[in-house]
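One structure is given below, encoded as structure tokens.
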Amino acid sequence: MSLTSSEISHQSSAAIFPGSFDPVTVGHIDLIERSTAVFDEVIVAVACNQEKTPLFTVAERIEMIKKVFSDNPRVKVETFGGLLIDYLVKREVHVIIRGLRAVSDFEYEFQMALMNRKLAPDVETFFMTSSALYTYVSSRIVKELASLGGDVSDLVHPLVEKEIKAKYGTIKKVAD
Ligand code: PNS
């Protein structure tokens, strides 16, 4: 039995937006917001065990993302460990969303998408181009700039900026 277009449009859709988010940047926020215009539910999945020395704990990263999207009921925030595909299967979601900022992102993303498809052929990776304004923004750049006393107010949400300042303030005090 095939569905009519109106039946299809009434089916609810979900997608998983995975990442390290250490911390979430304006680039991520833009992509997540835009994803909610396409999918009914966007699950932001914070990977644990990715980096050995993250700036923020997984709980802190989740908390910040939850606060940033507190007025958007389509955004859910969770964490996952192990293979992303195992998490998708557990959540019964078939779409992964990833952002592409520049050609340099492509090779790694393409490799990951193909590997994920090999592991689970019914899972699709959707790529979204980042806004031209944010092509240079990354969590790594934010941390480097902030650690050296640079202004990151254009690169992260104000509440994230506050948390970053608190982290580096604490680290400096320990180091003094
Ligand atoms: O924000 P990032 O660091 O680019 O996110 C990368 C992430 C977490 C999405 C990716 O490393 C991942 O999916 N890790 C989980 C382990 C896994 O499933 N790897 C892909 C197999 S090729």
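Residue numbers count from 1 along this sequence. Counting starts at 1 for both ligands and their atoms, following the listed order.
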Are any of the N/O atoms in [X] less than 3.5 Å from those in ligand 1?
X	result
L84	yes
N116	no
E109	no

Taking E163 first and then K167, would you say they form a salt bridge - that is, a charged N and a carboxylate O separated by under 4.0 Å?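 No salt bridge links E163 with K167.
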Closer than 4.0 angstrom, basic N to acidic O: yes or no for K90 and D86?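 No, no charged N to carboxylate O under 4.0 Å.
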At the 4.0 Å heavy-atom cut-off, does Q111 count as touching ligand 1?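 False for this residue.
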Heavy-atom nearest neighbour in the protein, as seen from [atom], with distance rounded to 0.1 Å:
atom	value
atom 11 (O) of ligand 1	Q50 NE2, 3.1 Å
atom 19 (N) of ligand 1	L83 CD2, 4.4 Å
atom 9 (C) of ligand 1	R98 NH1, 3.4 Å

For R74 and E41, indicate whether the former's side chain and the latter's backbone hold a donor-acceptor pair under 3.5 Å.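 Flag not set: sc R74 to bb E41 has no pair under 3.5 Å.
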For S20, which part has a heavy atom under 4.0 Å from ligand 1: side chain, backbone, both, or neither? both
Check each heavy atom of Y108 against ligand 1 and say whether those closer than 4.0 Å belong to the side chain, the backbone, both or neither.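 Side chain only; the backbone of Y108 stays clear of ligand 1.
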Counting only heavy atoms not in [X], do more than 12 fall under 6.0 Å of its [atom1]?
X	atom1	value
R34	CZ	yes
E78	CD	yes
F127	CZ	yes

Shortest non-hydrogen contact between V68 and D71, atoms and distance: O-OD1, 4.2 Å
I need the atoms of ligand 1 closer than 4.0 Å to a non-hydrogen atom of [X], numbered in the order shown.
X	value
G19	1 (O), 5 (O)
M115	22 (S)
A47	8 (C)
M112	10 (C)
F80	15 (C)
G82	15 (C), 16 (C)

Looking at L100, D30, L31, which one forms a side-chain contact (heavy atoms from CB on, under 4.5 Å) with M128?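 Per the side-chain contact (heavy atoms from CB on, under 4.5 Å) rule, the option paired with M128 is L31, out of L100, D30, L31.
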Can you measure from OG (S70) to CD1 (I65) and round to the nearest 0.5 angstrom? 13.0 Å
I would like to know whether F21 and F56 meet ring-ring contact (aromatic ring centres under 6.0 Å, His included); could you show each step before the answer? CA-CA 9 Å; F21 306 106; F56 291 100; over 10 Å; no
